[in-house]
Amino acid sequence: MMLQKARVTEQQLKKAQAQVEKVAAALEKSRDLSRVIVHVDMDAFYAAVEMRDCPELKDKPMAVGSMSMLSTSNYHARKYGVRAAMPGFIAKKLCPNLVIVPANFDKYRAVSGEIREIFADYDPHFQPMSLDEAYLDFTEHVEQRQHWPESARTHRFRARDIAAGETKTELSQEAATEERDLSPVLFEDSPGSSPSLMGPEGVCAPGGDVEVFGTSVEEAVREMRFRIEQKTMLTASAGIAPNMMLAKVCSDKNKPNGQCRLPSTREAVMDFIQNLPVRKVCGIGKVSEKMLNALGVSTCSHLSQKMAMLSLLFSETAWHHFLEVSLGQGSTYIPRYKRKSMSTERTFKELSKAEEQLSLCKELCEDLADDMRKGGLKVLISVVLTFKPVSVHICCIRRLS
DNA sequence: ATACATACC
DNA sequence: TACTGGTATGTAT
């Protein structure tokens, strides 16, 4: 790449510059600042769940995973440099007192279900990215919210038994589904529990303090985070911005238990982008960062300065992505199937195709497993010779491992 | 179509 | 002792 760069002539560069400007102008014309996108991210999710359910772990450095690999660590452990995706035995060297807890994915899935119920209240089409993270489009909610009475924006402090959370997740989940929603939570044990649902701004049932949230986006997001914390005893962080790429960066800004809003103006967006390290952008990882750095690009402002050169050295998709980033645009690096709200027509087509493939795969796997039990190696070889390597690989692993 | 590379959680 | 595993996109051949 460096060689290529050295061979670039003034004239090529000029031509490239013109081309880049054309694309940039088109992008600029399509800029959309009308949406309010929120990225929510639970704080140290797996670790937080384990700490919640085991008081012993409070104020100890701990991580979730194994001696071979850690999924995440709590903030105490991070002070020692213990991070996600770090082998446990190395983490132990950095922090000998580190407690490593094996992962309980079923539990995390259950908690994830709880927070997703809350997400759905703000955007029924929210896009989950993993168990602990999602993108939400708050545009409509905020519009509606303007006409909401205060009572609909009033929420109670936790009413749930702390012991309940400790025993079994299924139990607490059941309890949670009944009590969920905007109307305030009922006390199982409080005297005046059932009837006096809401004295709108009046004093609410004893034992439960109340918080009223405003009508702005910030308030709506604060409310959502509040409800998550009340329901799960876990905290979340959030970013608010006119698109997903920026919302994601924002959610990282006030990390644990905070939020950050980037105003929906071109100016604010451009300011925000200027000194942003390219590595912060979703889709630019270790490798791209290295390559860009070698070309003198470490922040987004460098990106726009060097766009012409970048367009000559990188593939079209790659430099288009860079250009979007340099303009603070783009919907981030999100799998397409999650990005688009699918048309019913497409859904049907893809569904039937998927089903077909699935049944084919199932058949293959059944036969394979069966034959292998009986016939052994000979069958395996014939299968390997018959099917595409990838299919065989997947089938074998899925079915037999 | 296949293999390999990069990225994310 | 020990450096994941699942899913997706992008690039090269």
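Because only heavy atoms are used, hydrogens play no part in the values below, and waters and symmetry mates are left out as well, while side chains stay in.
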Considering only nitrogen or oxygen atoms on both sides, find all protein atoms under 3.5 Å from nucleotides 2-4 of chain C and state each distance.
{"from": "C:dC3", "atom 1": "O4'", "to": "A:S68", "atom 2": "O", "distance (Å)": "3.4"}

Charged N to carboxylate O under 4.0 angstrom, A:E218 versus A:R261?
yes

With a 4.0 Å cut-off on N to O distance, would you call A:E223 and A:R145 a salt bridge?
yes

Return the value, rounded to whole Å, for the distance between atom [atom1] of [X] and atom [atom2] of [N].
X	N	atom1	atom2	value
A:K286	B:dA5	NZ	C1'	13 Å
A:Q127	C:dT7	CD	C1'	16 Å
A:D41	B:dC9	CG	P	8 Å
A:K255	B:dC9	NZ	C1'	11 Å
A:Y135	B:dC8	OH	P	10 Å
A:R279	B:dT6	CZ	C1'	11 Å
A:M291	B:dA5	CE	P	13 Å
A:L292	B:dA7	CG	P	10 Å

Looking at A:L98, is its backbone amide N or carbonyl O close enough to the side chain of A:K92 to form a donor-acceptor pair, meaning the two atoms are under 3.5 Å apart?
yes

Is there a donor-acceptor pair closer than 3.5 Å between any side-chain N or O of A:Q127 and the backbone N or O of A:L136?
no

Sorted by first residue and then second, give each salt bridge (Lys or Arg N to Asp or Glu O under 4.0 Å) pair with at least one member in residues 3-16 of chain A; sequence neighbours left out.
none

Taking the six-membered ring for Trp, are the ring centroids of A:F126 and A:Y135 within less than 6.0 Å of each other?
no

Heavy atom of residues 299-311 of chain A under 4.0 Å from DNA chain B: which residues?
none

Pick the C1' atom in C:dT4 and in B:dA7, then give their distance to the nearest Å.
15 Å

With A:E229 via salt bridge (Lys or Arg N to Asp or Glu O under 4.0 Å) - residues at least two apart:
none

Tell me which donor-acceptor pairs under 3.5 Å the side chains of residues 42-50 of chain A have, and how far apart each pair is, sequence neighbours excluded?
{"from": "A:D43", "atom 1": "OD1", "to": "A:S237", "atom 2": "OG", "distance (Å)": "2.7"}
{"from": "A:D43", "atom 1": "OD2", "to": "A:T235", "atom 2": "OG1", "distance (Å)": "2.7"}
{"from": "A:D43", "atom 1": "OD2", "to": "A:N257", "atom 2": "N", "distance (Å)": "2.7"}
{"from": "A:E50", "atom 1": "OE2", "to": "A:N104", "atom 2": "ND2", "distance (Å)": "2.9"}
{"from": "A:E50", "atom 1": "OE2", "to": "A:Y108", "atom 2": "OH", "distance (Å)": "2.5"}

NA contact type, A:T72, heavy-atom cut-off 4.0 Å: base, sugar-phosphate, or nothing?
nothing

Looking only at side chains, do A:Q144 and A:E140 share a donor and an acceptor under 3.5 Å apart?
no

Does A:Y122 reach the side chain of A:R227, with side-chain heavy atoms less than 4.5 Å apart?
yes

Against the six-membered ring of A:Y75, is A:R78 placed for a cation-pi contact (under 6.0 Å from the centre, within 45° of the normal)?
yes

Between the protein and nucleotides 11-13 of chain C, are there any N/O to N/O pairs under 3.5 Å, and if so, what are the atom names and distances?
{"from": "C:dT11", "atom 1": "OP1", "to": "A:S315", "atom 2": "OG", "distance (Å)": "2.1"}
{"from": "C:dT11", "atom 1": "OP2", "to": "A:T317", "atom 2": "OG1", "distance (Å)": "2.6"}

